[in-house]
Amino acid sequence: MTGTMKDSVQLSRRGLLAGMGGMTFCLAIGGDVGEALANTAAKPAKVFNAWVRIAPDGIVTVYSAGAEMGQGTKTTLPMILAEEMDADWSKVRIEMAPPDRNVYGYVFNGERDMAIVGSRATQLYFNEMRIAGAQVRRVMIDNAAKMWKVEAAGLRTENGFVINPANGRKLSYGEIAAKGEVPKELPAIKPEELKPRKDWKLITKGVPRRDTPEKVNGSALYGIDVKLPNMVYATAVHRQTDTPVSWNNAELVKMPGIVKTVAVPNGVAIVGRSWPQVLAAREKLSVEWKKGRAGNFDSDKALEAYEKVHSDPKANVVTIEKKGDAAKAFEGAAKIYKAEYRSDYGYHAQMEPLNAVVRIAKDGKSAEVWEGTQAPDATRDEVAKALGLAPEKVTLHQCYMGGGFGRRTLGDYAAECAIIAKDVGRPVKLLWTREEDIAHGMFRPQSFQCVEAATDASGKVVGWKHCVVGDGGLLLQSGIRIPYYDIPNQNIERRGVSHGIRLKHWRAVGHVFNVFAIENLVDEMAVAANMDPIEFRIKNMAAVPKAKRVFETVAEMSEWNKPRPQGRALGISISERSGSLGAGVVEISLDRKTGKIHVHKVWVAVDGGTIVTPGPARANVESAIIYGLSGLLHESMSIKDGIVEQTNFHDYNLMRMSDLPEVMEVKFIESDARPTGLGEIGNPFIPGAVANAFYRLTGKRMYHMPFTPERVQDLLKA
Amino acid sequence: MISFKLNGRQVSLDVPRTTPLLWAIRDVAGLTGTKYGCGAGLCGACTIHIDGVAVRSCQTSAGDVAGKSVTTIEGLSKDNSHPLQKAWVALEVPQCGYCQSGQIMKAAELLAKTKSPSRQEIVEHMDGNICRCGTYHKIIAAIQTAAKGA
């Protein structure tokens with residue numbers, strides 16, 4: 001069959017283009033891609049800046065730094081650039097940017113980074129893409145002016161041409177690229193020189209996603225699909241913190257096709273000639289483990305102990321927000337509210353189990369890695385580190401990701417693949433089984449929270465205290481601030497513990513449980529004050545104008561004041577994330593026998609600044625709604641004796657089509673502001689909104705998420 | 001050697017009879033559009049057709065398809081021209097895209113036997129296929145669109 005051959009050519013071409021960093025592209029062409037180059041190379045293209053090269057035939061190649069995990073940024077970022085450049089979109093080709101953070105990284109907290117996290121790709125690259133596009137446009141105009149011997153100021157651009165309105169003459173960008181010159185120093189672009197919104201043809205309108213056609217015919221290349229000549233297959237078995245002492249290597253290497261076993265961090269890898277052979281050996285693998293830090297970890301017991309950390313005066317406290325004098329506000333309060341909340345661990349469950357392919361050059365001085373990664377630079381660095389190479393000696397071939405959700409930013413499994421490839425001296429595809437993907441997952445941390453609020457004689461909330469206890473440092477505190485409410489006295493803190501269990505970003509991570517606690521207590525206060533929950537938030541919680549607007553919009557969308565049928569109830573919650581603000585309403589019913597909550601309708605109003613591509617923007621919010629509902633109502637995980645108890649999708653349940661809400665409405669607030677993150681604004685409001693609707697239906701408050709049917713049944717009996 | 005029809009072409013694959021068909025298709029025949037998601041028949045990412053019936057290829061032995069006709073996403077059409085593929089593109093169903101081959105193959109089985117399925121019929125038929133990006137509502141709409149156009 002032709003599988004290897006076809007893949008090899010495809011991959012080589014990707015490799016070639018991915019290696020073409022800026023002006024140095026000739027240096028990156030390696031030995032065994034020469035043939036592919038001869039077959040596929042177009043006429044030499046001119047490099048305009050790090051992002052753009054234009055061929056004489058007018059083909060514009062734009063690098064995208066929007067690591068594609070489904071959110072659409074592979075297409076969106078080049079589209080922003082093309083808008084400013086006045087390129088002919090039909091002639092724009094997209095390639096993934098090389099993993100060089102100094103050139104292709106966005107600036108966040110003063111540092112350059114390429115990790116696409118927090119759903120911030122469009123937000124962080126928006127200005128940079130516009131400026132890069134404007135630079136190319138300016139160079140086009142300057143070149144045309146020189147060729148025509150006219151003033152540049154009188155020329156304009158349109159759809160891939162420079163036009164002289166005085167005489168109607170036109171030069172295509174391709175013609176200019178063939179003969180023109182790129183100045184050593186690119187022109188500086190002032191913000192006021194950028195195209196005004198009224199002239200946008202692509203931004204706010206959108207273009208078809210370039211990844212769609214190949215994702216409906218099976219040709220999209222994910223890391224798991226890569227196949228190289230002479231490649232062997234590997235899988236690995238790990239424990240969170242234990243170390244393998246010995247294992248039945250002699251028995252395994254006698255099994256058909258097994259090449260060898262390799263020690264990897266916290267685990268053992270099995271290498272063989274085919275994946276089924278490797279899997280068969282995995283079944284027979286028997287390891288003696290030396291217990292590590294989390295070797296006896298019990299998630300339930302740990303969570304129980306968090307409460308003591310909260311009440312321990314000697315606990316290590318990190319202050320997150322201190323405003324006014326919270327202690328004084330509570331002393332003089334007319335009424336004090338206090339509640340404790342808990343949340344369990346969460347698993348990413350991206351559909352493509354983690355994998356990577358690594359090929360080390362014969363001389364050992366360079367390597368290539370194929371991976372679908374949220375952080376191309378981190379993958380390159382980690383593979384280089386594992387092999388003792390300089391980062392620039394590692395070429396990354398960025399693949400599509402079968403989901404990311406925060407898991408794919410560390411390059412950890414790519415580094416593991418590199419260790420194995422070095423050991424066996426052949427190209428290796430490492431693939432974790434689904435079971436391994438769960439067992440050796442990195443999770444959304446579990447948490448304990450205590451939230452307290454003080455109201456004055458008029459019922460206004462004047463004091464706010466929130467303490468979150470758990471592992472995970474910054475992961476634990478995301479979403480704990482309440483910038484959407486103007487509360488004068490606040491004391492928000494984190495009390496950290498450390499278990500050794502691997503933790504990671506998980507689609508908005510801490511927002512999911514922090515906002516649950518915040519909006520649950522706010523609802524409790526609204527009920528006590530006998531006020532409408534939205535009115536309470538606007539008046540007594542002093543919702544800021546932006547928050548008031550999303551509340552009012554979602555009230556209108558959901559017909560908030562309209563009575564619902566018997567057995568149905570509404571709940572509301574707000575959340576911010578990555579600069580966006582959203583308020584959501586859910587309509588639920590409950591099967592009291594089974595404890596199953598059904599969410600029938602979801603409405604969400606989002607202020608996300610300028611909406612760059614309406615289709616994917618909406619899809620991102622909808623996706624997060626489903627992710628939020630799945631995590632809240634279906635998924636549940638626990639750890640005993642250091643081992644995750646769930647092993648596959650029969651006991652780690654994901655939401656399926658039959659649980660889809662009948663109605664999902666997303667509305668974006670009109671805005672001229674810079675775009676903000678949209679992929680994680682749709683899930684943090686879900687737990688609070690569902691809990692508040694549940695209270696209206698049953699008179700019972702939910703203090704522990706997820707709300708699995710078993711937990712709901714227990715609550716109804718209590 | 002196991003001989004069967006793969007996307008209309010006769011093939012002979014040199015794999016043990018017990019090899020899961022998924023890996024024979026992906027790693028030996030080189031057709032990687034069919035995906036591995038769970039290896040346990042729980043997610044539907046590996047859905048293909050055997051003689052027109054949608055099955056989980058991770059739970060099917062290669063030996064069981066000897067003499068039969070297997071269709072994968074690559075064989076559904078040559079050029080994205082199947083009504084489902086057209087609808088999938090028009091509605092921009094995929095996000096990460098990883099589960100979509102399985103979704104489309106499962107949906108194709110439904111449309112082959114039910115010309116215009118109701119929403120309820122679609123949900124019942126598709127409920128075994130997980131989409132972690134949550135594109136379920138678009139999948140339903142795309143199946144309905146394809147049914148109208150077919």
Side-chain angles (χ1 to χ4, degrees), chain A residues 1-4 6-7 68-72 208-209 211-222 224-225 227 233 274-276 279 349-353 400-405 431 433-435 615-616 619-620 622-627 629-630 648-650 654-658 660 664, chain B residues 11 13 15-16 18-20 23-24 26-40 42-43 45 72-74 76-80 82 84-86 88-89 92-101 104 122-124 126-140:
Chain A
M1 300 300 287
T2 57
T4 304
K6 186 195 85 184
D7 288 348
E68 186 59 65
M69 64 200 98
Q71 79 284 43
R209 287 175 61 148
D211 56 339
T212 305
E214 52 185 332
K215 284 179 175 174
V216 307
N217 65 13
S219 65
L221 191 89
Y222 299 82
I224 197 173
D225 301 330
K227 189 173 180 181
Y233 296 80
S274 79
W275 174 252
L279 270 189
Q350 78 292 338
M351 286 308 291
E352 181 192 16
Y400 283 122
M401 279 171 268
F405 311 116
L431 170 59
T433 59
R434 173 60 62 189
E435 289 81 3
N620 271 296
E622 291 165 346
S623 170
I625 290 170
I626 303 298
Y627 204 85
L629 290 172
S630 183
N648 207 320
F649 295 141
H650 64 289
L654 301 179
M655 184 175 145
R656 291 168 187 271
M657 193 182 273
S658 51
L660 178 72
M664 261 199 300
Chain B
V11 295
L13 301 185
V15 293
T18 53
T19 298
W23 303 109
R26 285 180 53 84
D27 293 342
V28 183
L31 299 178
T32 55
T34 306
K35 300 303 192 210
Y36 163 67
C38 68
L42 299 165
C43 75
T72 68
I73 185 72
E74 290 91 346
L76 193 63
S77 77
K78 285 193 174 64
D79 49 2
N80 280 1
H82 187 282
L84 282 168
Q85 289 170 314
K86 282 201 231 169
W88 245 250
V89 170
E92 283 199 342
V93 175
Q95 290 192 24
C96 92
Y98 194 77
C99 73
Q100 299 295 347
S101 298
I104 293 169
I122 293 171
V123 170
E124 278 168 20
M126 301 298 296
D127 210 32
N129 285 61
I130 296 173
C131 173
R132 183 54 159 163
C133 299
T135 65
Y136 296 126
H137 57 300
K138 285 202 174 186
I139 291 173
I140 295 172

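The chains referred to below are lettered A, B, ... by the order of the sequence lines, with proteins before strands, and numbering in each begins at 1.
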About how many Å separate [atom2] of [Y] and [atom1] of [X], when rounded to the nearest 0.5 Å?
X: A:D225; Y: B:Y98; atom1: CG; atom2: OH; result: 7.0 Å
X: B:C96; Y: A:Q350; atom1: SG; atom2: CD; result: 9.0 Å
X: A:S219; Y: B:E74; atom1: OG; atom2: CD; result: 8.5 Å
X: A:K215; Y: B:Q85; atom1: NZ; atom2: CD; result: 15.5 Å
X: B:D27; Y: A:W275; atom1: CG; atom2: CH2; result: 9.5 Å
X: B:K35; Y: A:I224; atom1: NZ; atom2: CD1; result: 7.5 Å

For a 4.5 angstrom cut-off between non-hydrogen side-chain atoms, does A:V216 reach B:P94?
yes
Just wondering, do A:T433 and B:Y36 contact through their side chains at under 4.5 Å, heavy atoms?
yes
Over all atoms of both residues, closest heavy-atom pair of A:F405 and B:R132:
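Heavy atoms of A:F405 and B:R132 come nearest at CE1-CG, 3.5 Å.
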Atom group of A:S630 that falls short of 4.5 Å from chain B, counting heavy atoms
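The side chain, not the backbone.
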Heavy-atom cut-off 4.5 Å, strictly under: side chain, backbone, both or neither for A:P276 against chain B?
side chain
Interchain contact, [X] with chain A, by part (heavy-atom threshold 4.5 Å):
X: B:N129; result: backbone
X: B:L76; result: neither
X: B:W88; result: both

Relative to chain A, which of [options] shows the most heavy atom pairs under 4.5 Å?
options: B:L84, B:L42, B:I140; result: B:L42
options: B:G37, B:G134, B:S101; result: B:G37
options: B:T19, B:I73, B:I104; result: B:I73

As an exercise: rank [options] by heavy-atom pairs under 4.5 Å with chain B and give me the winner.
options: A:E435, A:M69, A:R209; result: A:R209
options: A:L629, A:D211, A:N620, A:L431; result: A:L431
options: A:G403, A:G404, A:A349; result: A:A349
options: A:E68, A:Q71, A:M664; result: A:M664
options: A:P208, A:G615, A:S623; result: A:S623

Start with the C-alpha distance between B:C38 and A:H650, add both sets of side-chain angles, then the distance that settles side chain to side chain contact (heavy atoms under 4.5 Å, CB included), and finish with yes or no.
CA-CA 10 Å; B:C38 68; A:H650 64 289; over 6 Å; no
Short question: side chain of A:N217, backbone of B:N80 - any donor-acceptor pair under 3.5 Å?
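No; judged by distance alone, with no hydrogens or angles, the pair does not exist.
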Just jot down the side chain to side chain contact (heavy atoms under 4.5 Å, CB included) partners of B:T135, sequence neighbours excluded, or say none.
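Once residues adjacent in sequence are excluded, the partners of B:T135 under the side chain to side chain contact (heavy atoms under 4.5 Å, CB included) criterion are B:V93, B:Q95, B:Q100, B:C131, B:C133, B:I139.
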